[in-house]
Amino acid sequence: MGKDVIIACDFENAEKVYSFLDKFTDRKPFVKIGMELFYSQGPEIVRQIKKRGHKIFLDLKLHDIPNTVKKSMAVLSRLDVDICNLHASGTVRMMEAAIEGLTRKDGSRPLLLAVTMLTSTDQESMEDDLLIKEKIEDVVLHYAKNAKKAGLDGVVCSPLEAGLVHENCGKEFLTVTPGVRFADGDIGDQKRVMTPAEAKKIGSDYIVVGRPITASSDPVAAYNRCVSEFVD
Ligand code: C5P
């Protein structure tokens with residue numbers, strides 16, 4: 001899969017998602033379904049959006065004992081999603097078990113990404129709450145390398161970390177980056193942001209864009225703008 005724009009469909013119910021997606025009559029965007037929508041609507045929302053012709057990144061960030069993650073990943077694989085993810089802090093063994101669970105009988109599987117350190121965790125909370133005393137950048141890179149070692153396809157990271165991850169884990173190791181804003185847009189609650197053009201320059205493989213598209217008065221135009229800045 002090449003570079004693409006993934007729309008974070010952070011809506012509270014199915015009707016709102018469908019009426020949003022109905023606006024896209026031309027190119028069918030890649031969509032991200034998060035925990036809120038999945039837990040409220042169940043797996044049926046994934047089947048329905050898939051049936052409408054969209055690729056799906058199911059952002060459920062699994063983290064449990066290896067056996068449970070393996071079995072849960074097998075369920076997600078049967079849902080025919082294109083990308084799913086987990087927490088790298090679950091250990092290399094957990095990530096290897098996830099790959100086993102995801103892999104179908106014919107050898108195919110969805111792409112699997114790792115969340116390294118959540119961007120809501122900073123140096124201070126990592127040290128105080130998790131008792132990890134290393135530099136957060138080093139922890140992020142170590143987790144990315146672990147993900148690569150376990151056979152994962154890439155990481156979800158800040159666009160500011162994408163270059164570093166590629167330098168250390170190789171160009172083929174995917175970086176999927178949220179925190180994208182237009183140069184003339186509102187940054188909202190995101191702290192460290194980049195424009196789609198900057199994310200392209202730094203080497204992000206996919207950008208995840210929510211409110212700059214979903215809250216726009218013309219979502220299709222906002223999406224097309226992202227595509228033209230990032231992909232074309
Ligand atoms: O609306 P906005 O563009 O900020 O949406 C970004 C999406 O990416 C949201 O679904 C958010 O949960 C997700 N995300 C993020 N930062 C991370 C990981 C995920 O913003 N580090």
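Computed from a predicted model, the values in this text were never measured in an experiment. Ligands are counted one by one from 1 in listed order, and the atoms in each one are counted from 1 as well.
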*Given the rule in the salt bridge (Lys or Arg N to Asp or Glu O under 4.0 Å) test, do R47 and D80 qualify, once you have shown the distances and angles that lead to the verdict?*
CA-CA 8 Å; R47 295 191 192 98; D80 199 22; over 6 Å; no
*Should S125 and D128 be marked as a side-chain hydrogen bond (donor to acceptor under 3.5 Å, both in side chains) after you check the CA-CA gap, both sets of side-chain angles, and the distance that decides it?*
CA-CA 5 Å; S125 55; D128 294 351; over 6 Å; no
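Under 3.5 Å, the side chains of D205 and H166 contain a donor-acceptor pair of N or O atoms. When only modelled atom types and interatomic distance are considered, S108 and D106 share a side-chain donor-acceptor pair under 3.5 Å.
The nearest non-hydrogen atom to atom 3 (O) of ligand 1, considering only C157, G188, S158, G210, comes from G210.
Counting the atoms of ligand 1 from 1 in the order shown, those under 4.0 Å from a heavy atom of R211 are 1 (O), 2 (P), 3 (O), 4 (O). For ligand 1 and P212, the ligand atoms under 4.0 Å from any heavy atom of the residue are 3 (O). Near R181, with a cut-off below 4.0 Å to any heavy atom, the atoms of ligand 1 are 1 (O), 2 (P), 3 (O), 4 (O). Close contacts of ligand 1 with D10, meaning ligand atoms under 4.0 Å from a residue heavy atom, involve 9 (C), 10 (O). Ligand-side atoms of ligand 1 in range of A8: 7 (C), 10 (O), range being under 4.0 angstrom from any heavy atom. Here is the list of ligand 1 atoms found below 4.0 Å of a heavy atom in P178: 8 (O), 14 (N), 15 (C), 16 (N), 17 (C), 18 (C), 19 (C), 20 (O).
The distance criterion of under 3.5 Å between nitrogen or oxygen atoms is not met by K61 with respect to ligand 1. Considering backbone and side-chain N/O atoms, D59 never comes within less than 3.5 Å of an N/O atom of ligand 1.
A salt bridge is defined here as a Lys NZ or Arg NE, NH1 or NH2 lying under 4.0 Å from an Asp or Glu carboxylate O, and D4 with K200 fails to meet this definition. Ion pairing of D64 with K70 is absent here, as no side-chain N (NZ or NE/NH1/NH2) approaches a carboxylate O to less than 4.0 Å.
Given atom 21 (N) of ligand 1, the protein heavy atom at minimum distance is T119 OG1, 2.6 Å. At the shortest separation from atom 20 (O) of ligand 1 among protein heavy atoms lies Q190 NE2, 2.8 Å. Protein heavy atom in closest approach to atom 12 (O) of ligand 1: K32 NZ, 4.3 Å.
Under the 6.0 Å cut-off for aromatic ring centres, F24 and Y223 qualify, their centroids lying closer than that.
K133 NZ: more than 12 foreign heavy atoms inside a 6.0 Å radius.
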